[in-house]
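A quick write-up on the structure given underneath.
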There are 2 protein chains.
Amino acid sequence: MPARTSETKDRRTFTETARREQIVRAAVDTLAELGYSDTSLGKIARTAGLSSVGMISYYFSGKSELMSEVVSTVLTAAGEIVAPRVAAQETAVGRFRTYIEASLEHLADRRAEAVALIEITLGARDRERSDELEAGATEVVTDLVARAQAELDAARESTGEPAREPLDPHVVAVAVRGAINSAVGRSFRRRPGSEADPELAAEGAPIAELFVRGL
Amino acid sequence: MPARTSETKDRRTFTETARREQIVRAAVDTLAELGYSDTSLGKIARTAGLSSVGMISYYFSGKSELMSEVVSTVLTAAGEIVAPRVAAQETAVGRFRTYIEASLEHLADRRAEAVALIEITLGARDRERSDELEAGATEVVTDLVARAQAELDAARESTGEPAREPLDPHVVAVAVRGAINSAVGRSFRRRPGSEADPELAAEGAPIAELFVRGL
DNA sequence: CTCGGTTTTGTATGACCGTACAAGAAACAG
DNA sequence: CTGTTTCTTGTACGGTCATACAAAACCGAG
């Protein structure tokens, strides 16, 4: 074991990162095409063009780690696209609207990733981590909803409009996330495959409008 | 083969109907507890208190038929509760609102059935039938949405209120169904088990209000 | 009691799964 | 060239699954 200056371990070989990426991509495509229950390491290896399942075992400690890697890869990519667009908005309503629109536009471009994520979330037996993730996402939306609500209420008060009975932001947030997932599912049913779906991207605006009107 | 007057086959033995019912109930509970991918005929037999899986094979042609029976049983029960309540409403908005409220109240009382249905829908490999079912349900909602929209538009016009840009009823319907499913899923995550969840039942009104405001 | 259908039990089979592992091939450093 | 590490291949094991099927138990009618 050679002594290094700062790091004691060389972290990742070139081959290793490339292989891991290749396998994760194949896992995403397989999950999207076959669903969680019909996805096996053998099928993933086949999709990836690997001649042996042993390959996957070499680069991942097991199926569980591979699935975790898929989830974190997909979520990280989504966050990097959506978060800055949301943050760029100046009003709370704009941020809420943009979250929905940007999410659907992003998912329309990467439907396989989106479906793979849903499959893992609903299919994996180890639900603790999935639930944690879902809860985190819902919490973000809850915050966006609450702030948009406050902004709209203030605006209504200043123009003398009658106040509305406030809706529980958490309930609204769950509805929003359900609407997004449902739209993605329908898009995939309507047109299976990995190509982008412009119809899905176009649904962001009306869905956002629907919820903003309701706040 | 004895010749009968009208029916050539005696339809169902007493034992047969009772056993089928017992097995379907056990399937529902198992699906709700373990999820589709961890549900097997063996586990279902165990839940039902049967000493052998052969029992299931005797009363059902296979796993596929059992799952179909679960789906149709659950959907029939739901329809019998929700449909008359919806039909009793006099206004289109009332029918739309009642659909959401009655659905959530019914599902709150029978969460195991609801979760089992979702598990089959998302987990079963034979997606044709599930997609057909989901499409049918969404079509019903689409109709409710379109009529409520028309009613609200007419009301706005008669009071001189400005007209709203109309939202695609199909997009709204998908959002509604997603919101319902999402609420059920969260209820089950919050409190696993088969007992009724009063919180879920109470969410019907605000969710309906949210969508009615948005139309 | 006896017989014929119905119901229940128990087991066998073949397929697929995740994982482990041995052995070979390739890349590479000294 | 040689030894070592990294990478790849192929196979084998233990387990679970859906299904099929044979034998036993049950039960009502004649």
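Treat the numbers as computed from the prediction; the structure is a model and nothing was measured. In what follows, every chain begins at residue 1, and chains take the letters A, B, ... in the order their sequences are listed.
- Aromatic ring centres of B/F211 and B/Y99 lie farther apart than the 6.0 Å criterion allows.
- Under 4.0 angstrom from either OP1 or OP2 of D/dC21 there lies no side-chain N or O belonging to B/Y58.
- Both cation-pi conditions hold for A/K63 and A/Y36: the charged atom is under 6.0 angstrom from the six-membered ring centre and inside a 45 degree cone around its axis.
- Of the side-chain N and O atoms in B/S51, one or more sit less than 4.0 angstrom from OP1 or OP2 of C/dT9.
- Taking atom CZ on B/R46 and atom C1' on D/dT16, their separation rounds to 15 Å, with Å as the unit.
- Distance CD1 (A/I56) to P (D/dG10): 15 Å, rounded to an integer number of Å.
- Under 4.0 Å is where a charged nitrogen must lie from a carboxylate oxygen, and between B/E195 and B/R110 no such pair does.
- At the phosphate of C/dT8, OP1 or OP2 sits under 4.0 Å from a side-chain N or O atom of B/R19.
- In summary, A/E209 and A/R97 engage in a salt bridge, as defined by a charged side-chain N under 4.0 Å from a carboxylate O.
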Is there a side chain to side chain contact (heavy atoms under 4.5 Å, CB included) between B/M67 and B/L31 once you walk through the steps? CA-CA 10 Å; B/M67 291 301 154; B/L31 282 163; 4.0 Å; yes
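- Going from atom CE of A/M55 over to atom C1' of D/dT11 covers 16 Å, rounded to whole Å.
- Within the nucleic acid shown, B/Y59 comes within 4.0 Å of sugar-phosphate atoms alone, with no base atom in reach, counting heavy atoms only.
- Base engagement by A/S52 is indicated by at least one non-hydrogen atom pair under 4.0 Å involving a base atom.
- Taking 4.0 Å as the cut-off between side-chain N and carboxylate O, A/E33 and A/K43 do not count as a salt-bridged pair.
- To the nearest angstrom, C1' of C/dG10 lies 14 Å from CG of B/L50.
- A salt bridge does not link A/R186 with B/E134: every distance from a Lys NZ or Arg NE/NH1/NH2 to an Asp or Glu carboxylate oxygen is 4.0 Å or more.
- A salt bridge does not link A/R25 to A/D29: none of the charged side-chain nitrogens sits closer than 4.0 Å to a carboxylate oxygen.
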Expected string for nucleotides 17-29 of chain C under the B/S/- scheme (protein heavy atoms, under 4.0 Å, primed atoms plus P, OP1, OP2 as sugar-phosphate) is SSB----------
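- Salt bridge status for B/E90 with B/R95: absent, with no side-chain N to carboxylate O gap under 4.0 Å.
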Anything under 3.5 Å between a protein N or O and an N or O of nucleotides 27-29 of chain D, put it in a table, one pair a line.
none

